[in-house]
Amino acid sequence: MSKDISSPAYFNELFAAEGASIGLQITELLHKEQSPYQNIEIYDTTHFGHLMVLDGCIMLTQRENFIYHEMMSHPALFSHPAPKKVVIIGGGDCGTLQEVLKHPEVEFALQVELDQRVTELSEQYFPELCENNNDPRADFYFGDGIRWIEDADEHSIDVIIVDSTDPVGPAEGLFSKEFYRNCHRALKPNGILVQQSESPIFHSDSIIKKMQRDLGASGFNETLVRTFPQPVYPSGWWSCTMGVKTEGKSTLSQKPLRPVSFKTRYYTQPLHEASTCLPAFMLTDQ
Ligand code: SAM
């Protein structure tokens, strides 16, 4: 692979709709290919380690992906009384899977990723995220998560984590009521769905509040939004939205159900609660 980079020495992701961009200084194009599903680029950067870009959108860097992966997994798993069976939809870089496998309660964790090349290239360029891929509790299915959840057995999953790309192209259907209804059906009682729900500053009305309404309309009787910093995603601020399938008292907004028994770099017990504190504009329809 050529070490020449014909573009300027910054990779810039443009958010034309918001008149903004985010850039990282790159030193080398390590890999570029068109998979059957998307354009994949891997760069080395001056300050953020390796960078993965899918269809022009920054997915992760080695420096800061821990924030996103920990917040996509630990609040949901620590809110579930017994998270034995976990399914990750998307998440091909294996970072979320790695965090899920830190929970000793997890007996089986399946990653349902559309694009096998994302996982293969992560094994090569983000090996630290894939160290536990041979854990006997981990399994991999490469295919469309929308179809997979349609065929999933009823009442068979404790936690579903939707770690997808933006709601366009193959990920669009992961943000639909039909998908949420199928997730609700596949979850056991007390089951939790958590989905990355984009930027609070750019997508509060168009995605986050809509997701809460759609989850409610799909049978999830309580929803909860968490926010966290995300230095390389649009606006630098990100969110995940959770829904719980319970007829009794919800545990979503309570303290974590168990102490943290393993090493984390972002998630802490106080952050479990603090990440649910939302600014005024996210609480109302203003
Ligand atoms: N956290 C990242 C972000 O928000 O930028 C996402 C990381 S992960 C690499 C996203 C993955 O979702 C991609 O590898 C993509 O192939 C996968 N994906 C998109 N649509 C999918 C679908 N319908 N089923 C399964 N995986 C899907």
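Order of listing sets the numbers, starting from 1, for every ligand and every atom in it.
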Identify the protein heavy atom lying closest to [atom], giving its residue, its atom name and the separation to 0.1 Å.
atom: atom 4 (O) of ligand 1; result: Ser164 O, 3.4 Å
atom: atom 19 (C) of ligand 1; result: Thr165 OG1, 3.2 Å
atom: atom 24 (N) of ligand 1; result: Gly145 N, 2.8 Å
atom: atom 9 (C) of ligand 1; result: Asp93 OD2, 3.4 Å

key: NZ (Lys84) with more than 12 external heavy atoms under 6.0 Å   = no
inquiry  = Are more than 12 heavy atoms, taken from residues, nucleotides or ligands other than Glu178, located less than 6.0 Å from that residue's CD atom?
reply    = no
Give the atom numbers and elements of ligand 1 that come within less than 4.0 Å of a heavy atom of [X].
X: Ile58; value: 5 (O)
X: Tyr233; value: 1 (N), 2 (C), 3 (C), 4 (O), 5 (O)
X: Gln38; value: 15 (C), 16 (O)
X: Val112; value: 25 (C), 26 (N)
X: Val118; value: 14 (O)
X: Asp144; value: 22 (C), 23 (N), 24 (N)

key: Hydrophobic cluster identity match, Met211 and Tyr233, side-chain contacts under 4.5 Å   = no
message = I'd like to know if Met72 and Leu224 are part of one continuous hydrophobic network [Ile/Leu/Val/Met/Phe/Trp/Tyr, side-chain heavy atoms within less than 4.5 Å].
response = yes
ask   = With a distance cut-off below 6.0 Å to the six-membered ring centre and an angular limit of 45° from the axis, does Arg63 pair with Phe48 as a cation-pi contact?
value = yes
Within the structure, does [X] bring an N/O atom to less than 3.5 angstrom of an N/O atom in ligand 1?
X: Asp163; value: yes
X: Glu113; value: yes
X: Leu54; value: no

key: Electrostatic pair Asp151:Arg147 at N-O distance under 4.0 angstrom   = no
Which one holds for [X] and ligand 1: side chain close, backbone close, both close, or neither close, with close meaning a heavy atom under 4.0 Å?
X: Leu114; value: both
X: Leu60; value: neither
X: Tyr68; value: side chain

Worked verdict on Glu154 versus Arg185 for salt bridge (charged side-chain N to carboxylate O under 4.0 Å, His left out) = CA-CA 5 Å; Glu154 196 175 351; Arg185 186 186 54 77; 5.3 Å; no
inquiry  = Evaluate Leu54 against Ile40 for side chain to side chain contact (heavy atoms under 4.5 Å, CB included), listing each step before the verdict.
reply    = CA-CA 5 Å; Leu54 297 183; Ile40 308 175; 3.7 Å; yes
message = So if I apply the side-chain hydrogen bond (donor to acceptor under 3.5 Å, both in side chains) rule between Gln38 and each of Asp115, Thr165, Asp55, which one comes out positive?
response = Asp115
message = Against His74, only a single residue in His103, His272, Lys102 fulfils side-chain hydrogen bond (donor to acceptor under 3.5 Å, both in side chains); can you say which?
response = His103
